[in-house]
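Report on the following structure.
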Number of protein chains: 2
Amino acid sequence: MAIPTAPAPPAAAAARPEAVAACCAPLTREPLSAGAASDLARTLKALADPARLRLLSLVAAHEGGEACACDLVASLGLSQPTVSHHLKVLVEAGLLTRDKRGVWAYFALVPQALNALAAVLTVPTAAPPGGAG
Amino acid sequence: MAIPTAPAPPAAAAARPEAVAACCAPLTREPLSAGAASDLARTLKALADPARLRLLSLVAAHEGGEACACDLVASLGLSQPTVSHHLKVLVEAGLLTRDKRGVWAYFALVPQALNALAAVLTVPTAAPPGGAG
DNA sequence: AGCGGACATCCACAGCTGTCAATATCGACA
DNA sequence: TGTCGATATTGACAGCTGTGGATGTCCGCT
């Protein structure tokens with residue numbers, strides 16, 4: 001473990017969800033720095049779980065684009081604390097937003113976060129005629 | 001969508017890299033089945049590691065689109081067994097191909113795998129015209 | 001054939017992660 | 001104010017994962 005990057009607290013990730021995809025350069029343009037790779041991996045780790053993927057799709061497919069936590073618990077077949085934990089991970093990764101109304105908590109997708117992630121992963125299949133610099 | 005959660009051995013994943021993104025439906029179209037979520041998570045887990053992300057970018061950014069394992073070991077600052085392990089994970093996930101020439105092993109990107117992944121994650125931000133359904 | 005180098009595999013270990021029971025917190029309501 | 005219900009947090013634990021040292025395997029060279 002020789003990652004000399006700044007030890008930012010995990011809560012900071014939620015404060016800057018735009019850090020997900022940095023700026024623009026796809027994964028394949030130039031070698032990732034250790035810090036950039038760590039940032040990107042943190043977001044991907046939030047995605048790389050069956051329960052969280054299902055949560056995202058449940059929220060996204062729900063009418064109105066948002067879903068109540070109680071619905072998610074019922075749909076997932078996992079315990080309520082476990083679902084709450086997964087939702088927290090997704091919110092802190094900037095992939096979901098949480099809106100608490102009364103006793104209910106509603107979660108909605110953050111499309112730009114997923115799209116930024118998709119943009120980073122996209123590979124230019126056709127080589128540009130101008131040649132790479 | 002009745003993905004039967006077949007307990008296929010991990011080696012089978014390399015034989016069907018197109019299984020990464022199933023068919024076409026983005027994550028946000030309809031709730032993922034447990035099997036589909038598990039499949040997608042498996043591929044994302046292969047990506048969700050700083051060392052493997054750097055490996056992918058190193059390979060992709062290397063001239064000729066492929067890189068020798070020795071270069072990767074030198075660039076990553078990790079031990080040779082560790083790099084070999086990460087490369088194996090990426091190959092088994094269908095994200096890299098391995099081509100052994102003599103004593104050297106060359107690794108190349110599988111653009112379609114990453115692009116399929118990106119397609120799954122992409123969220124349609126604008127509603128399709130006339131597609132009120 | 002013998003040797004050296006490149007890569008893969010095995011083994012062990014520390015740290016992380018998903019899971020749930022128990023509990024705490026907070027808002028709605030009588 | 002007291003109770004009920006929804007959600008979040010805590011604590012514990014099993015299983016997974018990243019890592020490196022030691023070793024095996026295979027190829028090229030002398």
Side-chain angles (χ1 to χ4, degrees), chain A residues 1-3 5 7 9-11 13-14 34 37-38 40-56 58-59 66-93 96-108, chain B residues 9-11 14 34 37-38 40-56 58-59 66-93 96-108:
Chain A
M1 44 174 80
I3 298 180
T5 52
S38 193
L40 185 53
R42 198 174 302 126
T43 305
L44 285 169
K45 276 181 192 297
L47 264 181
D49 181 273
R52 291 197 284 269
L53 286 171
R54 294 187 70 194
L55 280 175
L56 280 183
L58 281 170
V59 168
E66 64 178 11
C68 170
C70 55
D71 295 333
L72 301 174
V73 170
S75 298
L76 230 66
L78 294 176
S79 72
Q80 179 267 323
T82 298
V83 173
S84 184
H85 161 68
H86 285 310
L87 288 171
K88 182 180 183 180
V89 171
L90 289 171
V91 169
E92 287 186 348
L96 283 184
T97 59
R98 181 179 56 194
D99 178 27
K100 194 150 190 179
R101 305 180 205 149
V103 282
W104 290 281
Y106 290 86
F107 295 85
Chain B
S38 192
L40 185 51
R42 196 175 302 127
T43 304
L44 284 170
K45 276 182 192 296
L47 264 182
D49 181 273
R52 292 198 282 270
L53 286 172
R54 294 187 70 195
L55 280 174
L56 280 183
L58 281 169
V59 168
E66 63 177 12
C68 169
C70 54
D71 295 333
L72 300 174
V73 169
S75 298
L76 230 66
L78 295 176
S79 73
Q80 179 267 323
T82 298
V83 173
S84 186
H85 161 68
H86 285 309
L87 287 170
K88 183 179 182 180
V89 170
L90 289 170
V91 168
E92 286 184 348
L96 283 184
T97 59
R98 182 179 58 194
D99 178 27
K100 192 152 192 178
R101 305 181 205 147
V103 283
W104 290 282
Y106 290 86
F107 294 85

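Just so it is clear: chains get the letters A, B, ... in the order the sequence lines come, proteins before strands, and each one is counted from 1.
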- [ ] Taking all non-hydrogen atoms of both residues into account, name the closest pair between A/V59 and A/F107 and its distance.
- [x] CG1-O, 3.2 Å
Task: Reported CG-to-CG distance for the pair B/L47 and B/L55, which is rounded to 0.5 angstrom - done: 11.5 Å
Open item on the list: Output the rounded distance in Å from CG (B/L55) to P (C/dC7).
Closed with: 13 Å
Task: Whole-Å distance separating the CG atom of B/D99 from the P atom of C/dA6 - done: 18 Å
- [ ] Provide, to the nearest angstrom, the distance between the CG atom belonging to B/L44 and the C1' atom belonging to D/dC16.
- [x] 17 Å
TODO: Search all heavy atoms of B/A108 against all heavy atoms of B/E66 and return the closest pair with its distance.
DONE: CB-CB, 4.0 Å
Check residues 74-82 of chain B and write down every donor-acceptor pair under 3.5 Å in which the side-chain atom is one partner and the other belongs to a residue at least two apart or another chain.
from  : atom 1 : to    : atom 2 : distance (Å)
B/S75 : OG     : B/D71 : O      : 3.0
B/S79 : OG     : B/T82 : N      : 3.3
B/S79 : OG     : B/T82 : OG1    : 2.9

- [ ] Kindly compute the distance separating OG (A/S38) from CZ (A/R42), expressed to the nearest 0.5 Å.
- [x] 5.0 Å
- [ ] Report the stems of DNA chain D as range-with-range entries sorted by first number; a stem here is at least three consecutive pairs, Watson-Crick or G-U wobble, both distances under 3.5 Å, and write none if there are none.
- [x] C:1-30 with D:1-30
Open item on the list: How would you summarise protein contacts on nucleotides 17-30 of chain C per nucleotide, using B for base, S for sugar-phosphate only and - for none, with heavy-atom distances below 4.0 Å?
Closed with: -SBBBB----BS--
TODO: Using side-chain contact (heavy atoms from CB on, under 4.5 Å) as the criterion, list what pairs up with B/A37, not counting sequence neighbours.
DONE: A/P50, A/L53, A/R54, B/L32
Open item on the list: B/R52: which residues meet the side-chain hydrogen bond (donor to acceptor under 3.5 Å, both in side chains) condition with it, sequence neighbours left out?
Closed with: B/H86
Task: Atom pair CG (A/L40) and CG (B/D49), whose distance is rounded to the nearest 0.5 Å - done: 11.0 Å
Open item on the list: Whether B/R98 contacts C/dA8 is assessed here as follows: a side-chain N or O lying under 4.0 Å from the phosphate OP1 or OP2. Is that the case?
Closed with: yes
